[in-house]
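Input: a single structure, listed below in C-alpha cells.
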Amino acid sequence: MWKWLHPYANPEVSYHFAGKLLPWLSALAALFLSIGIVWALAFAPADYQQGDSFRIFYIHVPAASLSMGIYFGMAVAAFTSLVWQFKLADASAAALAPVGATFTAIALITGAAWGKPMWGTWWIWDARLTSELILLFLYLGVIALHSAFEDKNLAGKAAGILTLVGVINLPIIKYSVEWWNTLHQGSTVSKLGKPSMSADMLWPFLFCFVGFILLVSVIVCIRFRSEILARNSIRPWVRTLVSKHIKEENNNAV
Amino acid sequence: MQFDSFSAFINMGGYGFYVWLSFGVATALLLILIFSSILGHKKVIKSIAQRKQREDKLRQVRKQRQQQDKQLKAKLSEEVTE
C-alpha cells in the first residue's frame, strides 16, 4: 500500500521532485496571495466594532495558525527521524524551523499592532501572548541546535528532542483563550460547525490562508533542497550536480 | 471597493498606521526569508564546489608525488645496478 512512497526516501529523487514542484507552487502562491491581500485590504467590509483595524486579521490569523501548524509538522518529522532514523525527516525538520520562526514573529508583531488600537496596549503578559512568545523561543532553540553541531545527525537528534518536548506548548496556545481569562478574543474561523463570520469576510481570509500555506511550501522546498545537498555533499550525484551548476554559472558570466 | 479615495485607503478609517505597520512588517520579514533561502541554496552549492576543487587538487598532487617517487626509485635502482 505504501510502496509508491519508497522512492521518495531517496535523497536524489526527493531533491528533484521538490525542484519540479517549486515553479508550480510559486505561481499558485503568488496568485492566491495577490488576490487575497488585495481583497482583504480594499474590498472586504470593515468590522462593525473594530473598523478597518480588522484588516490585520487577514495576516495575523493565518500567520498564527501556520506558526502552530509548522511546529506540528516539524514535530512529526522529528519523531519520524528519532524513531525510524529516517534521514530526510531531519532535513525537512531543519527546513521547517526558520519558516515557523518567521511566521511566529509575524503573528506576534501583527498582534501587537492590532492590540494597540483595540486593547490600548502593545503587549500584555497573558496566556495566549506568552505561550506564543514561548513558541518563538522554541523555534529559535531548535534553529540554534541544528546549527550547533558539525555532525548533522547529532544536531538532528538534539533538535528533535527539544521539538518533541515543546509540543506540549501547542495545546496550551490553542486552548489558552478558553482556559484562562485573557484579552485575546476566542476563535472565529475554526469553530466546529459554522464559522461565526460573514461570507464576504471569510472568502478573502480563505484566499490569504491558502496563499500563505502555498508560500510556506515554496520556502520549505527551497530550504529542503539546500539541506539535502549539505547532508549528502560527498555523494557522487551531488558532486556531478554541483559541477554542472558551476559550469553553467561560468558560461553565463562569460 | 470599500474606500472612496486613495487617501481614505491609506488612512484606513484612522487605523492606517497599525494596518500598514502589520502588512509592511509581514511583507518585509517574508521577503527576507525568501531571499535568504535562495541565497543559502547558492551558498551550499558553492561551498560543495569549493570542497570538490580542493579535493581534486589534493588528489592531483598525490598522483604527481607518486610518479616522482616511482621515477626516483627507478633512477636509484639503475644507479645501484650500474
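Labels below follow one simple rule: chain letters A, B, ... track the order of the sequence lines, proteins then strands, and each chain is numbered from 1.
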Side chain, backbone, both or neither: which part of B:Leu21 has a non-hydrogen atom closer than 4.5 Å to chain A? side chain
Relative to chain B, which segment of A:Val238 carries a heavy atom at a distance below 4.5 Å: side chain, backbone, both, or neither? side chain
Check whether more than 12 heavy atoms from other residues, nucleotides or ligands sit under 6.0 Å from atom CH2 of A:Trp24, and answer yes or no. no
Which answer fits A:Ile109, side chain, backbone, both or neither, if we ask what part of it has an atom under 4.5 Å from a heavy atom of chain B? side chain
From A:Ser53 OG over to B:Met12 CE, what is the distance, rounded to the nearest 0.5 angstrom? 10.5 Å
Leading residue by heavy atom contact count with chain A [cutoff under 4.5 Å; candidates B:Lys43, B:Lys46, B:Arg51]: B:Arg51
Contacting moiety of A:Ala112, where chain B heavy atoms sit under 4.5 Å: neither
Less than 4.5 Å to any heavy atom of chain B: does that hold for the side chain of A:Phe54, its backbone, both, or neither? neither
Okay, A:Gln50 and chain B: the region with an atom under 4.5 Å from a heavy atom over there is backbone
Of the listed residues (A:Pro117, A:Ser233, A:Ala113), which shares the most heavy-atom pairs with chain B below a 4.5 Å separation? A:Pro117
Interatomic distance, A:Arg225 atom CZ to B:Ile45 atom CD1 [nearest 0.5 angstrom]: 7.5 Å
The interface call for B:Ile32 against chain A, heavy-atom contacts under 4.5 Å, is neither
Minimum-distance pair of heavy atoms, taken over all atoms of B:Val19 and A:Asp52: CG2-O, 3.6 Å
Can you say whether A:Ile246 sits under 4.5 Å from chain B via the side chain, the backbone, both, or neither, judging by heavy atoms? side chain
Could you check if a side-chain atom of A:Ser243 sits within less than 4.5 angstrom of a side-chain atom of B:Gln53, using non-hydrogen atoms only? no
Evaluate whether atom NZ of A:Lys87 has more than 12 neighbouring non-hydrogen atoms of other residues, nucleotides or ligands under 6.0 angstrom away. no
Intermediate values then yes/no, side chain to side chain contact (heavy atoms under 4.5 Å, CB included), A:Ile222 and B:Ile38: CA-CA 7 Å; A:Ile222 298 173; B:Ile38 294 172; 4.0 Å; yes
Chain B heavy atoms under 4.5 Å from A:Ile37: which part of the residue, side chain, backbone, both or neither? side chain
Please classify the contact between B:Tyr18 and chain A as side chain, backbone, both or neither, with a heavy-atom cut-off of under 4.5 Å. both
Test B:Tyr15 against A:Ile56 for side chain to side chain contact (heavy atoms under 4.5 Å, CB included), laying out the working first. CA-CA 10 Å; B:Tyr15 295 117; A:Ile56 295 171; over 6 Å; no
Evaluate the side-chain proximity of B:Val25 to A:Ile106: yes if any heavy-atom separation is below 4.5 Å, no if none is. no
Region of A:Phe212 that comes under 4.5 Å of a non-hydrogen atom in chain B: side chain
Quick one: sort the B:Phe17 and A:Trp122 rings into parallel, tilted or perpendicular, breaks at 30° and 60°. perpendicular
Test salt bridge (Lys or Arg N to Asp or Glu O under 4.0 Å) applied to A:Arg239 and B:Glu55, step by step: CA-CA 12 Å; A:Arg239 288 294 159 100; B:Glu55 284 172 8; 3.0 Å; yes
Select one option (side chain, backbone, both, neither) describing which atoms of B:Phe9 are under 4.5 Å from chain A's heavy atoms. side chain
Do you know the tightest heavy-atom contact between A:Ser226 and B:Val44? O-CG1, 3.9 Å
Value for CZ (A:Arg55) from CH2 (B:Trp20), rounded to nearest 0.5 Å, stands at 9.0 Å
